[in-house]
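Just so you know, residue 1 is the first one in the sequence shown, and it goes up from there. Any value given below was found using the heavy atoms of this structure, including those in side chains, with hydrogens, waters and symmetry copies removed.
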Amino acid sequence: MMHDDSAAPAPATSNPAKQKQQKQQFRREKRDVHGWIVLDKAVGMTSTQAVGAIKRLFQCKSAGHAGTLDPLASGCLPIALGEATKTVPFVMDGRKIYSFTVRWGEERDTDDADGTVLTASDRRPARAAIEALLADYTGTISQVPPRYSAIKVNGERAYDLARDGEIVELRARPVEIHRLALVNVPDADHAEFEAECGKGTYVRSLARDMGRALGCHGHIQALRRESVGSLGKNDMISLEQLAVLCHRAAAGEASLADALLPVETALDDIPALAVSQADAARLQRGQAVLLRGRDAPIFRGTVYVTASGRLVALAEVDRGEIVPKRVFNLAGLVGSRGPKKGH
């Protein structure tokens with residue numbers, strides 16, 4: 001009787017060192033990638049998961065986001081890759097625009113639809129009452145952040161303490177709401193709004209506080225971030241679109257650089273200063289440069305420095321002296337896609 005062993009599985013190796021070597025062969029090597037992805041984050045994904053997905057797609061060494069979006073929220077999540085992480089604070093300081101739906105009648109422990117109902121009411125606000133309230137929540141207001149937020153309390157995240165059953169008391173703090181508009185009232189239970197606000201504002205707190213002021217309670221049912229600073233819907237790309245582009249790039253049909261906005265995209269509101277290659281080399285070594293005569297800048301403050309169109313450093317200028325604060329090393333894949341105008 002003949003036995004056909006051609007389909008028999010190969011015996012597993014018992015050598016741990018060889019197994020480790022085989023695993024490493026299948027691991028893709030990390031690479032230097034620099035630029036911004038303006039992700040159109042889907043509902044249900046955390047901001048940390050989104051960053052991890054981008055890192056895997058681009059096989060990049062480092063990445064971070066500029067402002068957390070809750071799992072329930074969708075929309076504009078700017079993600080910095082490589083040297084762009086040095087410019088994250090400039091994006092986080094930008095104004096944000098949100099569109100959101102408030103569900104009246106229930107206050108929840110998370111201040112959104114994912115939470116447990118704390119208080120309920122049969123009352124529903126009239127459109128005129130909602131509109132009359134908007135002025136009270138425009139300008140500089142005092143706001144208590146949600147208990148389920150990333151704010152640290154004695155070194156611990158507030159949401160971790162809340163999940164552990166601890167009573168979290170967060171202090172009110174001033175936030176800036178530049179614009180708050182009632183967009184639609186589809187039915188008695190819901191109201192749709194748009195808000196433009198500054199750093200540190202929680203839309204969930206806004207919904208909670210408006211519900212209390214109207215005597216009917218409320219929480220966020222849907223939330224979308226439309227823009228962060230100059231980055232808006234025209235710059236956004238979904239994870240699915242990125243995955244297709246990455247596959248095309250791997251097949252030689254596209255360039256990943258076309259998906260990335262340049263590092264200096266985050267520096268739109270900062271003056272640019274061009275220097276010679278010799279001065280750029282000094283700045284990159286951490287040395288100050290003194291410009292005289294026609295080249296001396298007449299302003300003072302923060303600038304971003306370029307040489308031959310390439311980003312060199314973030315620096316402070318005072319009386320013609322350029323002092324480097326953050327130096328950029330853009331070796332590797334660099335974003336080349338131009339930002340699109342408008343939100």
Side-chain angles (χ1 to χ4, degrees), residues 38-47 50 65-78 92 94-119 121 124-127 129-139 141-151 159 175-214 216-229 231-233 236 238 343:
V38 186
L39 183 68
D40 188 349
K41 188 189 85 66
V43 172
M45 174 180 277
T46 68
S47 296
H65 62 74
T68 303
L69 266 184
D70 297 328
L72 176 136
S74 67
C76 186
L77 180 64
M92 292 187 73
R95 292 186 183 186
K96 285 91 175 169
I97 296 177
Y98 294 93
S99 55
F100 59 100
T101 301
V102 177
R103 165 72 160 87
W104 307 119
E106 293 176 350
E107 185 169 313
R108 301 197 175 201
D109 59 356
T110 59
D111 298 318
D112 64 23
D114 290 338
T116 302
V117 177
L118 297 176
T119 317
S121 170
R124 295 295 181 269
R127 185 183 188 114
I130 300 171
E131 288 175 335
L133 191 68
L134 298 180
D136 294 342
Y137 293 93
T138 307
I141 66 168
S142 182
Q143 185 183 77
V144 177
R147 281 172 289 182
Y148 285 82
S149 63
I151 290 172
Y159 54 65
V175 297
E176 191 76 24
I177 298 179
H178 305 280
R179 179 172 58 87
L180 177 62
L182 178 64
V183 176
N184 189 29
V185 181
D187 54 53
D189 290 331
H190 301 90
E192 297 168 1
F193 298 87
E194 186 171 276
E196 183 175 356
C197 48
K199 183 179 179 181
T201 305
Y202 280 92
V203 181
R204 284 182 289 149
S205 294
L206 189 58
R208 176 200 66 207
D209 294 344
M210 286 195 295
R212 289 176 180 177
L214 291 164
C216 63
H217 303 296
H219 65 268
I220 291 287
Q221 184 174 66
L223 174 63
R224 180 169 177 81
R225 188 155 65 191
E226 305 289 354
S227 65
V228 177
L231 303 174
K233 65 181 179 183
M236 282 192 262
S238 70
H343 289 168

Inset, instruction - Check for a donor-acceptor pair, side chain of T116 on one end and backbone N or O of D109 on the other, with a separation under 3.5 Å. - result: no
Sequence neighbours left out, what passes side-chain hydrogen bond (donor to acceptor under 3.5 Å, both in side chains) with [X]? Give chain and number order.
X    : value
R124 : D189
H190 : D187, Q221
S99  : E226
R103 : none

With sequence neighbours excluded, what pairs up with [X] under the salt bridge (charged side-chain N to carboxylate O under 4.0 Å, His left out) test?
X    : answer
E131 : R127
R208 : D111
E192 : none
E107 : R212

Legend entry - Residues which pass ring pair (Phe, Tyr, Trp, His ring centres under 6.0 Å) with Y98, listed by chain and number, not counting sequence neighbours: none
For residues 132-139, please give each side-chain donor-acceptor pair under 3.5 Å, one per line with the distance, not counting sequence neighbours.
from: Y137; atom 1: OH; to: D209; atom 2: O; distance (Å): 3.3
from: T138; atom 1: OG1; to: L134; atom 2: O; distance (Å): 2.8

Legend entry - Partners passing side-chain contact (heavy atoms from CB on, under 4.5 Å) against A207 (at least two apart in sequence or in another chain): V102, I220
Inset, instruction - Tell me, please, which residues at least two apart from S74 pass side-chain contact (heavy atoms from CB on, under 4.5 Å). - result: V43, R224
